[in-house]
Undergrad: 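Shown below is the structure under consideration.
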Amino acid sequence: MTFTLRSRQVYLPDGPRPATVTVHDGRIAALGPVDADCDEDLGDLVLLPGLVDTHVHVNEPGRTEWEGFATATRAAAAGGVTTIIDMPLNSLPPTTTVAALREKQAAATGKCWVDVGFWGGAIPGNAGDLPALHDAGVFGFKSFLADSGVPEFPPLDRDGLAAAFASVDALFVVHAEDPGHLRDTLASRAYPDFLASRPPAAEVAAVGTALSAAAAAGVRVHILHLSAADALPLLREAAAGGVRVTAETCPHYLTLDAHAVPDGATEFKCCPPIRDAMNQDGLWAGLADGTITVVVSDHSPSTPDLKRRESGDFAAAWGGIASLQVGLSAVWTEAQDRGFTLADVVRWMALGPADLVGLTRKGRIEVGADADLVAFAPDEPFVVDATALHHRHPVTPYAGAALRGVVRTTWLRGVPVGDTPHGTLLRRSEDR
């Protein structure tokens with residue numbers, strides 16, 4: 001099948017320009033002048049590459065009542081995300097063996113509205129399983145340096161991290177909080193009480209641990225969901241010294257302010273936590289200077305009862321943010337207000353994540369790439385209605401938020417995402 005799309009702003013890897021995009025058999029076959037004949041003129045809509053979200057907790061199998069491939073991927077497509085990489089924990093079993101990966105793939109088959117890949121997990125005692133899991137197609141390995149929140153995915157200590165790094169030449173992605181700096185939290189409806197239990201020092205110490213281990217082993221390490229801007233100097237210094245390190249942050253850290261979290265609003269709880277406006281400014285500075293190269297959702301929903309919505313107890317509530325469908329609009333709204341461009345947002349949320357995991361045909365509009373495309377109205381305002389989201393549960397800190405930027409159509413490999421899922425399962429070894 002061949003068709004053409006025209007837009008006055010097509011977001012190419014080197015920036016936007018008017019163009020006509022020709023799609024043939026699911027890939028971009030040509031980029032031509034904007035006055036060429038076309039099948040569909042997008043008018044005032046801009047054409048973006050499909051976003052790539054490398055940090056999504058789908059939770060299926062085992063905890064599908066929290067989310068699931070059908071609901072998560074439909075929400076992704078509605079938010080302009082055409083590829084997700086699923087995290088190895090919160091599902092049962094966790095993706096720490098080849099057998100568990102096969103269970104995950106079986107659970108996802110036929111249910112995905114977007115393309116889906118998988119991370120493996122590095123936990124105590126499974127270093128010997130990592131090479132086979134890598135060969136089976138996972139994109140790398142996630143580990144925690146502090147309690148993950150689920151007993152079947154325990155954290156690694158320094159020796160465990162070193163053993164994992166030594167076991168396979170792979171990308172390791174690390175939840176960097178140091179347990180020695182975390183504090184017990186008493187039952188409380190006050191967000192400052194929870195925030196004080198996870199200070200920036202916990203992230204700084206754990207980032208230092210991960211960087212030291214990566215330098216010793218010579219592996220690639222990626223710092224997940226950076227919340228504390230205080231860790232940025234460590235990352236800059238390590239990169240300048242030759243450590244193969246990258247870092248990400250998330251929409252909630254870039255757009256939400258700890259001082260604005262109401263008492264009992266446990267939908268704002270995540271680990272590491274949302275911090276204050278000054279810290280947020282530091283994260284934006286990290287994006288501006290390239291220390292942070294990736295913005296992804298860390299979509300980690302749960303059932304409303306686990307979020308303790310009725311009691312509002314931050315100590316007991318599950319720590320995770322549901323934002324997969326609104327991340328693009330949230331980041332674009334704040335970025336525009338801070339003087340960044342939509343091209344910046346595309347680099348952070350499409351090209352950057354794709355390059356992180358080696359998906360060379362994703363996250364970009366260029367000849368030969370998959371025709372994963374998004375028609376986007378960047379100036380159109382809307383108010384987030386949580387009940388209208390495709391996530392399994394209508395629980396999100398963005399409920400009622402006034403945002404800009406509406407996804408009109410999402411194409412996955414040249415086919416508009418509609419009522420029938422046609423996503424594929426991705427392997428690291430594939431040339432995608």
Side-chain angles (χ1 to χ4, degrees), residues 13 51-56 81 85 87 119 140 142 145 171-177 198 200-211 214 220-258 270-300 321 323 327-328 330-359 363:
L51 305 189
V52 177
D53 193 331
T54 53
H55 197 148
V56 179
V81 178
I85 311 296
M87 281 293 169
W119 293 107
K142 179 175 185 176
L145 299 184
L171 171 61
F172 286 87
V173 300
V174 179
H175 179 124
E177 288 184 288
R198 304 186 91 94
E203 286 188 77
V204 173
V207 167
T209 297
L211 293 174
R220 289 177 64 203
V221 65
H222 178 74
I223 303 301
L224 296 169
H225 46 46
L226 186 69
S227 158
D230 288 352
L232 290 169
L234 288 180
L235 294 169
R236 296 185 185 108
E237 182 180 0
V243 178
R244 294 189 293 164
V245 60
T246 49
E248 71 186 37
T249 192
C250 304
H252 40 281
Y253 301 131
L254 295 172
T255 64
L256 303 176
D257 180 356
C270 56
C271 301
I274 294 162
R275 304 191 189 277
D276 63 23
M278 183 177 297
N279 178 83
Q280 188 179 100
D281 291 343
L283 294 176
W284 281 100
L287 283 166
D289 69 18
T291 307
I292 303 170
T293 56
V294 170
V295 178
V296 286
S297 67
D298 189 12
H299 179 71
S300 185
I321 298 291
S323 65
L328 170 59
V331 172
W332 166 232
T333 300
E334 184 73 19
Q336 188 178 36
D337 290 346
R338 289 174 177 266
F340 293 95
T341 68
L342 190 52
D344 294 321
V345 174
V346 168
R347 186 174 69 255
W348 300 327
M349 301 186 77
L351 187 61
D355 286 350
L356 172 70
V357 295
L359 289 171

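All of these numbers come straight from a predicted model, not from anything done at the bench.
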Undergrad: Are the side chains of Val81 and His299 in touch, meaning some heavy atoms are under 4.5 Å apart?
TA: no

Undergrad: Could you walk me through whether Leu356 and Leu171 pass side-chain contact (heavy atoms from CB on, under 4.5 Å), step by step?
TA: CA-CA 9 Å; Leu356 172 70; Leu171 171 61; 4.1 Å; yes

Undergrad: About how many Å separate CG of Asp344 and CE of Met349, when rounded to the nearest 0.5 Å?
TA: 12.5 Å

Undergrad: Taking only residues two or more places apart in sequence, or in another chain, which ones meet His55 in a ring-ring contact (aromatic ring centres under 6.0 Å, His included)?
TA: His57, His225

Undergrad: Name all residues meeting the side-chain hydrogen bond (donor to acceptor under 3.5 Å, both in side chains) criterion together with Thr246; count only those two or more places apart in sequence or in a different chain, and write none if there are none.
TA: His222

Undergrad: Say you draw a straight line from CH2 of Trp332 to CG of Asp337; how long is it, rounded to the nearest 0.5 Å?
TA: 9.0 Å

Undergrad: Are the side chains of Trp119 and Val357 in contact, using a 4.5 Å heavy-atom criterion?
TA: yes

Undergrad: Atom CG of Leu256 and atom CG of Asp276: how far apart are they, to the nearest 0.5 Å?
TA: 13.0 Å

Undergrad: I need the full list of salt bridge (charged side-chain N to carboxylate O under 4.0 Å, His left out) pairs touching residues 202-211, with sequence neighbours left out, sorted by first then second residue.
TA: Glu203-Arg275

Undergrad: Distance check, rounded to the nearest 0.5 Å: Arg347 atom CZ versus Thr293 atom OG1?
TA: 9.5 Å

Undergrad: Does any non-hydrogen side-chain atom of Asp53 lie less than 4.5 Å from one of Pro353?
TA: no

Undergrad: Please round to the nearest 0.5 Å and tell me the distance separating atom OG1 of Thr54 and atom CG of Asp298.
TA: 10.0 Å

Undergrad: Where is the tightest heavy-atom contact between Ala277 and Asp257, given as atom of each residue plus distance?
TA: N-OD1, 3.5 Å

Undergrad: Any donor and acceptor pair, going by atom type alone, linking the side chain of Thr249 with main-chain N or O of Leu226 inside 3.5 Å?
TA: yes

Undergrad: Within the structure provided, determine whether Arg338 and Gln280 are in side-chain contact (heavy-atom separation under 4.5 Å).
TA: yes

Undergrad: Go through the structure and list residues passing ring-ring contact (aromatic ring centres under 6.0 Å, His included) with Tyr253, not counting sequence neighbours.
TA: none

Undergrad: Grab the two heavy atoms, one from Thr255 and one from Ala330, that are nearest each other, plus how far apart they are.
TA: CG2-O, 3.5 Å

Undergrad: From Ser297 OG over to Ile321 CD1, what is the distance, rounded to the nearest 0.5 angstrom?
TA: 10.5 Å

Undergrad: Which residue in the set Cys270, Pro272, Cys250 passes side-chain contact (heavy atoms from CB on, under 4.5 Å) when paired with Ser227?
TA: Pro272

Undergrad: Can you tell if the side chain of Phe340 reaches within under 4.5 Å of the side chain of Val345, non-hydrogen atoms only?
TA: no

Undergrad: I'd like to know whether Val243 forms a side-chain contact (heavy atoms from CB on, under 4.5 Å) with Glu237, so could you lay out the CA-CA distance, the side-chain angles of the two residues, the decisive distance to 0.1 Å, and finally the verdict.
TA: CA-CA 9 Å; Val243 178; Glu237 182 180 0; over 6 Å; no

Undergrad: In chain order, what residues pass the salt bridge (Lys or Arg N to Asp or Glu O under 4.0 Å) check against Glu248, with sequence neighbours excluded?
TA: none

Undergrad: Leu287 and Leu254: side-chain contact (heavy atoms from CB on, under 4.5 Å), yes or no, with the steps?
TA: CA-CA 10 Å; Leu287 283 166; Leu254 295 172; 3.8 Å; yes

Undergrad: Pairs under 3.5 angstrom only: tabulate donor-acceptor contacts from the side chains of residues 228-236 to other protein residues two or more places apart or in another chain.
TA:
unit_1: Arg236; atom_1: NE; unit_2: Asp289; atom_2: OD2; d: 3.0
unit_1: Arg236; atom_1: NE; unit_2: Thr291; atom_2: OG1; d: 3.0
unit_1: Arg236; atom_1: NH2; unit_2: Asp289; atom_2: OD2; d: 2.9

Undergrad: List the steps and the verdict of side-chain contact (heavy atoms from CB on, under 4.5 Å) for Ile292 and Leu283.
TA: CA-CA 8 Å; Ile292 303 170; Leu283 294 176; 4.1 Å; yes

